[in-house]
Every structure is written in C-alpha cells, then in structure tokens.
Amino acid sequence: MLIDYQSMSLWELLAFNSPGWGGALLSGLVLSLEIAVLGYVFGLLIGLLGAIGKLSQNLLLTDLLYCYTTAVRAIPELVLILLIYFALPNFINDVLYSFGFNGVEINGFFAGVLVIAFVQGAYATEVIRSSIAAIPKGQIEAAHAFAIPKYKILYRIVIPSMIPHALPGLSNLWLIATKDTALLAVVGLTELTLAAKQAAGASKQQLTFLLAAGMLYLLVSLLSEVLFKYLIKRTEKGQRHGS
Amino acid sequence: MGHEVVKNNRHLFGLRWLLPHRVVLIALLGVLIISLVVKLDWSWIAEYRESILSAVWKTVLLLVSTFVVGFILAIPIGLVQVTGPRFLAVIAHAFCSMIRGTPLLLQIWIFYYGFGSIFPGIEGIRESFIWPFLTSAWPYAFFALTLSVMAYEGEVLRGAFSGVPKGELEAAKAMGMKPFKILTRIWLPRAIQRTLPVIGGEVIIQLKATPLVATITIIDTYAIFSNIRLETYIVYEPLLLMTLIYLILAGAITLMFTYFEKKYKNH
C-alpha cells in the first residue's frame, strides 16, 4: 500500500478516514484483536485441560505440566516467538523431509495464535488450577457419592463453581494477551504496533501514529476492564443468591 | 479426583522426589542433552564467546539497574495511593493504568522513534551536553523499562503498604517515631518482607521484558543470538543456547529470592 503521506497535513493524518487510520491502524487493531481472542480462547482450553491434569493422580502428567508452566513463565515471550515462528516450522519440515514428504508453509497468523495460546495456556493452567482447588471439596465428593459421571461433574459442578474464583485472574490474562500480540511486530506481522510504526515512518509523524496506537491499546484495556468488572459483579451476585 | 494418599510416593534411596517415572524422565533428558551436544553444530561458540558474555552481562546490568531504580521510584507511587492527598493518588493511579494498559514494545518505540525524532528539532539541544545521550539508544531503553517497573511495582507496593497491620504503625507512632522513620524502619521493610515472593516473580517478568530493547539497536542477549542466527544460517543451536541462558538467569533469580524469603522469615 503506497500512500503519499508527505502531501497531507497533520489534521488530515489524524482524521479517522485517513489512510493512516482506516487503512493501517484500524486494520492492525482488528488483526491484533483476532489473534488475541483466538489465542485467549485456545489458552483457556489448554488451561482447563492443564489444570485437570495437574490435579490428577497421574504423576507423569503432573511433572510434565509442571515443566511446561515453569518453562513458559521463565522464557521471554520474544524467545518463544522466535522458537515457534522460525524453529518450529523448520523442525516440522525437517521431519517431513526425512520421511520423504513435501514441506508445509506455516501461516504467520496461525503461528501468532499458537504463540499467544501457548503462553496463555501456561498462565491459565495456574489460574484455573488454584480456582478448582478453592471449590469446597464436599461439593465434588457429594457428586461422587451420587455416582454422577466424571465428565458431568466437570461441566455441571467444577466449571460453574470455579468461574467466580477464576474471573479476576482470567481478566488479567486477557489484558496480557492483548499486549502480547504487540510482540508479533518483531517477526513482521502487521498488527497494531507494527502498523503504527510503518505509518509513523512513512508519514514522518513518528509520535502521532505511535501515540494513536497507544490510545487504542488503552481503550481496549479500559473497555475490557469495565466488561470484566461487570462479569465479576454478576457472578458474585449469582453466588450469593445460590448460597 | 479421589483423595487417597499418593501411593507411588515411596522413598527411593531415601530421596522422596526421586520417583521411578522421574528417573526415566531424567535419563531421557540426559540422553537428549548428550545427543544435542554431540550431534548439533556448536563450532560457532568459540568465535562468538566474548560477545555472548558481554551481551549477557548487558542484559543483567539492564535488569538490575532498571529494577532497582524503578522500585525506589515506585515507593512514592504506592504510598500516595494509600495515604496521599486525593489528587496525587488519582495521578499515580492514572499513571499505573496507562503504563499497564499499553504494550511495553510500543512504549519503547514511542520513546525511541517518537520522542527521539522530536528532540533534534528543538532549538539548542544539538549543542547541549545531553545530545550524546539522546542520540544513543540505551537512555530510551532504560527510561522505558524503569517506567514499567514503576507502574507495576507501584501497584504491588500499594497492596503491600495497605496490607501491613495498622497496629504496628500505631505502636510506632505511640513510641514517638517520626512519620519518615516509621516509613523507613517499619512500614516499608514489613511491606517488602510480606511481598517478597511477588517481587521475585516481578523480577523474572522484568527479565522477560529486557529482550524488547533489541528492537532499538541495543545488543543484548536476544540481539546477539539473533545476529548469530542470521550470520551463520544455523537454525536451532543459537535459539537453544539463548533459551538455556534465559532459563539459567530465571533460575538464579528464583533461588536468590527463595534464599531471601527464608532469611527474613525468622525475624
């Protein structure tokens, strides 16, 4: 996309229908949010499975999960991005070649979602594990005594009663997911941060577009905070009603 | 989710944690490490050893300096939110949400590319003594990382300050201690002691944030290994060694804070 930024005034650049905003920043924001939402949802799934695994009696599983959560929390996200973006596709292709198959191309969007989900999964495992541990044991034992099947105990009792405990932690994780998408700028995915930097460089109005991107991130985080506060309040109300 | 005693948790050679499956896992890991060392190409290390060491040193220096300075500056930010006048508390809270609500990478770019592009246009700044600082990258990196520590630790300290039992502070007041002395002798040490595990985690988060400065031309651990990867066309080895270095640094921080926690628990 070639835009003649030089001939535009500062006010034209700041207008919402300018190519900088509509063409670059807003589409960058959309891409950021898409990756964040998908990564967050897959992260929650990994977290739920991880938490169940960590609380299980299978010691091999608990040890492996311990290694996963500890490693992800110790390795910088930027290093994980390099590993998943460059080393993983290379590794998959090396394996495929050695078995005589053709290589595959791993899409940047997919790799981005994979990174966010991988990081979110590790943190979500810990959040969900501690919230499951906070459920009164009697409730689950009672369900066992009634011979309710295990999967039914999970989605009828464990998940609903864990949500109020987990929500504050999960709201933090969502904010981390939105901010972590910015790191994908380093590997050339045109999400909000890289879109802002490109528009900033092209227009020679460095500060304008970078600050505009900051405002958009701030807007997203403030709106999500309001949303999660509402959700937390609602679940608290439901809990009081139930007990 | 039964609640029986874990049966496998028998003592093996008197070591409680050395369970059979762990022995197998450790053996597998050993085989993996040996095969990595033997099979992969590590010949580049000799050539790059000096620059790797200086880059790791730069990462450690950046981590320690920004965390110490940021933590000291975070004390007033946490404090005014607990006791301070209302308008200062509002300002401190707004600062914290602003820094915490935007990605650090964007902040670094705002300072380096954004403000960095404005300074040359200001009259007289090219002749002044701060010009050499403004043209190099590290002041921007230091500034951005310190601001981020201030915001995150300000929040941590706000909780820590309000978590110290009021009775301890009132006792000190009754003994006739001056407010500043109460802060430095009782309030702050107690707050830090109570939140040491959280602070240990925050130092590791800060370690994980340092590679971002590689995007503004600072040659830290992350940057040196990216360079090695591009110069030698070797895919896996530099990435593996870099991951190992960050794991070792994080492990050292964890050990240090466990030691501190043990040491200050008895007091």
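No hydrogens, no waters, no symmetry mates; every other heavy atom, side chains included, goes into these values. Letters A, B, ... mirror the listed sequences (proteins, then strands); counts begin at 1.
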CG/B/Leu249 to CD1/A/Ile75 distance, rounded to the nearest 0.5 angstrom?
12.0 Å

A/Leu210 and B/Gly114: which non-hydrogen atoms are nearest, and at how many Å?
CD1-N, 4.0 Å

In this structure, are over 12 heavy atoms from other groups packed under 6.0 Å from B/Trp57 atom CH2?
no

Gap separating the CG atom of A/Leu83 from the OG1 atom of B/Thr243, nearest 0.5 angstrom:
4.5 Å

A quick test of your reading: do over 12 heavy atoms of other residues, nucleotides or ligands sit less than 6.0 Å from CE of A/Met215?
no

Here the gap from B/Ile99 atom CD1 to A/Leu218 atom CG, rounded to the nearest 0.5 Å, amounts to 9.5 Å

Minimal non-hydrogen separation, A/Glu77 against B/Lys208, with atom names
OE1-CE, 3.4 Å

Taking the side chain as C-beta and beyond, is there a heavy-atom pair between B/Arg229 and A/Phe86 under 4.5 Å?
yes

CG of A/Leu78 to OH of B/Tyr246: how many Å apart, nearest 0.5 Å?
8.0 Å

Would you check if the side chain of A/Lys197 reaches a backbone N or O of B/Leu106 as a donor-acceptor pair within less than 3.5 Å?
no

Any idea which heavy atoms bring A/Ala74 and B/Ile204 closest together, and the distance?
CA-CG2, 4.4 Å

Indicate yes or no: at least one non-hydrogen side-chain atom of A/Leu183 is less than 4.5 angstrom from one of B/Leu212.
yes

Would a 4.5 Å heavy-atom cut-off, applied to side chains only, mark A/Lys179 and B/Thr102 as touching?
no

Are there more than 12 heavy atoms of other residues, nucleotides or ligands under 6.0 Å from atom CZ of A/Phe146?
no

Identify the heavy atoms of B/Gly101 and A/Ser221 that sit nearest to each other, and give their distance.
CA-OG, 3.7 Å

Please determine, among B/Arg100, B/His21, B/Met98, B/Gln107, the option with the most heavy-atom pairs under 4.5 Å with chain A.
B/His21

Is there side-chain contact between B/Leu25 and A/Cys67, with heavy atoms separated by less than 4.5 Å?
no

Please look at A/Asn90 and chain B and tell me whether the side chain, the backbone, both or neither of the residue comes under 4.5 angstrom of a heavy atom of that chain.
both

Can you tell me which of A/Ile176, A/Asp63, A/Thr178 forms the most heavy-atom pairs within a distance under 4.5 Å of chain B?
A/Asp63

Does B/Phe119 CZ have over 12 foreign heavy atoms under 6.0 Å away?
yes

Non-hydrogen atoms of chain B under 4.5 Å away: do they reach the side chain of A/Asp94, the backbone, both or neither?
side chain

Of all heavy-atom pairs between B/Tyr236 and A/Ala87, which one has the smallest distance, and what is that distance?
CE2-O, 3.6 Å

Going by heavy atoms in the side chains, are A/Pro76 and B/Tyr222 under 4.5 Å from each other?
no

To the nearest 0.5 Å, what is the distance between CD on A/Gln206 and CD1 on B/Ile118?
9.5 Å

Where do B/Met242 and A/Leu82 come nearest, in terms of heavy atoms and distance?
CE-CD1, 3.8 Å

Report which part of A/Ala200 has an atom under 4.5 Å of a heavy atom belonging to chain B: side chain, backbone, both, or neither.
neither

Against chain A, work out which of B/Ala250, B/Pro211, B/Ser226 has the most heavy-atom pairs shorter than 4.5 Å and name it.
B/Pro211

